[in-house]
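See structure below.
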Protein chains: 2
Amino acid sequence: MTIRDVAKVAGVSPITVSRALNHPELVTPDTLERVRSVVSRTGYVPNEIAGSLRSRRSRIVAAVFPQITNSMFVDTIQALSDCLRQEGYQVLLGLSSYEEREDELIAGILGRRPEGIYLTGIGHAPDTRRRLIASHIPVVEAWDLTPTPIDMLVGFSHEKAGEAMARYLLAKGHRDIGLVWGNDLRAGVRRKGLLSVLAEHGIPEVPTGLEPAPGMFQRGREGLAELLGSGARVSAVACSSDVLAQGVIAEAQDRGIRIPGDIAVMGFGDFDFAAHTSPSLTTIAIEKAMIGRLAAQALLARIQGKEVAERIVDVGFRLVERDST
Amino acid sequence: MTIRDVAKVAGVSPITVSRALNHPELVTPDTLERVRSVVSRTGYVPNEIAGSLRSRRSRIVAAVFPQITNSMFVDTIQALSDCLRQEGYQVLLGLSSYEEREDELIAGILGRRPEGIYLTGIGHAPDTRRRLIASHIPVVEAWDLTPTPIDMLVGFSHEKAGEAMARYLLAKGHRDIGLVWGNDLRAGVRRKGLLSVLAEHGIPEVPTGLEPAPGMFQRGREGLAELLGSGARVSAVACSSDVLAQGVIAEAQDRGIRIPGDIAVMGFGDFDFAAHTSPSLTTIAIEKAMIGRLAAQALLARIQGKEVAERIVDVGFRLVERDST
DNA sequence: CGCAAAAATGGTATCGGTAACATCCTTCGC
DNA sequence: GCGAAGGATGTTACCGATACCATTTTTGCG
């Protein structure tokens with residue numbers, strides 16, 4: 001079943017069928033009706049591959065994430081996908097697995113000629129960067145901040161987020177601060193910010209339970225156990241994610257440690273449970289869905305040839321104080 | 001930059017370039033080297049759209065999920081994507097949003113001529129079903145069971161899972177059983193199984209807190225509040241997901257209700273936290289990643305023309321008894 | 001060394017749409 | 001009633017790869 005078959009049955013030329021389907025306003029109501037009836041009767045499905053080749057418009061946007069299990073990105077994916085679909089774009093999903101396979105992955109993606117590319121983070125191989133720039137495809141990097149993005153960017157400063165966590169805990173009077181921290185890229189930057197503020201305040205040594213990325217509940221338990229086992233004095237524990245924090249709290253409660261009485265706990269991400277646990281969780285809230293929405297809008301704008309005024313959008317973050325600190 | 005440009009520079013014909021890239025074993029090491037050097041120097045990226053059109057092989061597999069926020073499907077997506085990528089396939093992600101937009105979504109997807117389609121669940125519009133069958137594209141439905149799948153199927157019986165939950169709680173001596181339940185399709189089937197067993201045992205009335213899909217932490221709290229507020233006597237609460245169960249437990253603990261002493265709580269899904277909360281959560285474990293892996297393998301096998309012996313794979317489920325019951 | 005078989009390479013057509021331009025048919029104003 | 005303008009439809013070529021078959025080159029062996 002090709003457009004030619006449909007055309008023959010409907011008694012028009014192939015291009016008229018094409019128009020009836022893609023630009024119905026250019027076609028007489030009469031022929032439109034005729035074409036549509038043939039299409040629905042025959043179950044004809046236009047081959048978008050052929051269309052894409054000729055029109056040089058793939059109607060595909062690629063989205064690359066390190067991984068999606070136990071991660072903060074699902075809300076972003078959902079929002080991104082919803083926005084793009086509304087405009088007739090489909091999402092090609094790439095999961096780069098936190099390993100260094102992003103390279104190959106993006107190489108493969110570029111062959112598909114997507115009209116836009118969403119990337120998680122700003123840490124890409126120089127080669128990848130070059131390739132992306134050379135491709136002239138609109139790119140949005142997200143979930144991080146840099147003055148020199150590949151193209152566009154929607155994110156926030158992890159360094160500042162880490163600093164905010166430190167300042168908050170200091171303001172609460174804590175000086176014996178321990179970390180339970182995942183080891184992914186962006187968490188590392190938050191940690192750096194956090195440590196730098198602590199250092200400024202004369203706290204150079206910070207006991208840390210480092211966990212493989214990304215934060216899982218059980219890792220939080222192990223992290224706290226590790227901290228306590230090390231003999232370090234700890235009056236507050238900062239975590240690189242709410243999930244870790246939840247694990248820390250569970251472990252503390254099992255050990256009869258009161259929160260926030262004995263130890264204050266702070267998370268990151270403002271997952272949907274954070275407001276509702278006991279105690280509710282002090283955390284850093286990120287507009288996860290907003291990032292996806294803004295990224296989609298930025299890509300769509302550029303695809304439609306509009307110049308995007310703000311190539312860098314800082315969505316910021318919000319420290320949400322709750323009962324765990 | 002097209003294959004012709006590369007060919008010209010390398011001093012060979014376009015087809016030789018094509019072979020060098022896709023079937024290097026058919027080409028002299030010498031020419032292979034020459035072509036590769038030109039490719040890497042020029043940054044040529046083959047246009048897969050053109051290749052797909054001619055070869056009728058899109059190297060794309062589409063995957064449709066109702067949604068991914070707060071859902072059990074992320075592990076499945078991850079496994080599916082990883083397996084497919086290993087074989088050179090890319091994943092076109094479709095999120096149908098639990099609303100009835102699956103139809104359009106799949107229509108759009110078919111135009112891309114994917115070589116395989118993964119669908120979540122077995123409830124599809126008759127029209128969609130027809131279209132999929134007519135397309136002759138391998139299809140795997142997953143996360144559910146039916147004797148009459150569109151094509152292939154990897155899942156388990158939600159009805160039996162519900163029954164198992166009921167039997168387990170009955171065996172534990174509970175007769176005052178309340179539900180906190182999400183209202184998505186598959187949860188509904190589990191509920192049906194559960195209620196039927198209870199009815200068999202002379203328990204026709206089961207107080208239920210129904211929550212909008214899918215289970216979220218806060219909904220669990222509200223669900224328990226609702227149950228208790230209704231005045232019904234409840235010695236056990238069954239939940240349609242571990243996340244809801246976690247909310248139920250949190251609410252109970254806040255109210256000074258001991259678990260499992262006063263009320264037993266049971267979840268579904270065996271999320272990664274289920275084993276590590278306090279008390280740890282009795283639940284139904286599903287091999288989420290395995291579903292993705294098997295689905296990918298089934299699709300790949302069919303794509304490679306192998307006949308799949310077992311078109312229906314029941315991955316079953318496992319009732320995991322822990323401390324919450 | 002000569003010939004058959006196999007390996008390597010090339011020429012041409014084609015996948016199924018749409019861009020670009022051409023043509024035909026209305027409509028409308030004077 | 002006629003010409004201009006605009007709307008509807010058609011013709012042709014082309015997007016950039018690869019399938020298919022033909023041709024050339026190399027290899028192996030008596």
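A, B, ... follow the sequence lines: proteins, then strands. Residue 1 opens every chain.
- In summary, the side chains of Arg85(A) and Gln90(A) do not present any donor paired with an acceptor at a separation below 3.5 Å, with no hydrogens or angles considered.
- Applying the 3.5 Å distance criterion, the base of dA8(C) shares no donor-acceptor pair with the side chain of Arg19(B).
- In this entry the distance linking NZ of Lys8(B) with P of dG16(D) reads 13 Å, nearest Å.
- If you check dG10(C), dG10(D), dG16(D) against the side chain of Leu53(A), the one that comes closest is dG16(D).
- For Ile3(A), the listed nucleotide lying nearest its side chain is dT18(C); candidates were dC15(D), dT18(C), dT18(D).
- At dT18(C), one or more side-chain N or O atoms of Asn22(A) fall inside 4.0 Å of OP1 or OP2 (strictly under the cut-off).
- We find that CG of Leu32(A) is positioned 17 Å from P of dG7(D), with the value rounded to whole Å.
- In summary, of the residues considered (Arg59(A), Arg57(A), Gln304(A)), a side-chain hydrogen bond (donor to acceptor under 3.5 Å, both in side chains) with Glu115(A) occurs for Arg57(A) alone.
- One atom, CD1 of Ile15(A), and another, C1' of dA8(D), lie 12 Å apart when rounded to the nearest Å.
- Residues Val38(B) and Asp5(B) are not in side-chain contact: their nearest non-hydrogen atoms beyond the backbone lie 4.5 Å or more apart.
- Between Ile49(A) and Arg57(A), it is Ile49(A) whose nearest contact on DNA chain C lies nearer the 5' terminus.
- Distances shown here put a side-chain N or O of Thr28(B) below 4.0 Å from the OP1 or OP2 atom of dT9(C).
- For dG16(D), neither phosphate oxygen OP1 nor OP2 lies less than 4.0 angstrom from any side-chain nitrogen or oxygen of Thr2(B).
- Using a 4.0 Å cut-off, no side-chain N or O of Arg54(A) falls inside it from OP1 or OP2 of dC15(C).
- OP1 or OP2 of dG16(C) has at least one side-chain nitrogen or oxygen of Arg56(B) nearer than 4.0 Å.
- For the pair Glu25(A) CD and dG7(D) P, the interatomic distance rounds to 12 Å; values are reported in whole Å.
- Among the nucleotides dT18(C), dA17(D), dG16(C), the one closest to any side-chain atom of Asn47(A) is dG16(C).
- Residue Tyr44(A) places none of its side-chain N or O atoms closer than 4.0 Å to OP1 or OP2 of dG16(C).
- Nearest heavy atoms, Ser13(A) versus Ala7(A): C-CB, 3.7 Å.
- Two residues, Arg4(A) and Thr16(A), neighbour DNA chain D, and the one matched to the more 5' nucleotide by heavy-atom proximity is Thr16(A).
- Which of dT18(C), dT9(C), dG17(C) sits closest to the side chain of Arg113(B) comes down to dG17(C).
- Phosphate contact (OP1/OP2 of dT9(C), side-chain N/O of Thr31(B), threshold under 4.0 Å): present.
- Within the structure, every side-chain polar atom (N or O) of Ser13(A) is placed at least 4.0 Å from both OP1 and OP2 of dT9(D).
- Look at NE2 on His23(A): it is 15 Å from C1' on dT9(D), rounded to the nearest Å.
- At whole-Å resolution of the value, CG in Asp30(A) and C1' in dG7(D) are 15 Å apart.
- The shortest distance between the side-chain N/O atoms of Ser18(B) and the OP1/OP2 oxygens of dA17(D) is not below 4.0 Å.
- Counting only heavy atoms from C-beta outward, the side chains of Ile137(B) and Leu110(B) approach each other to under 4.5 Å.
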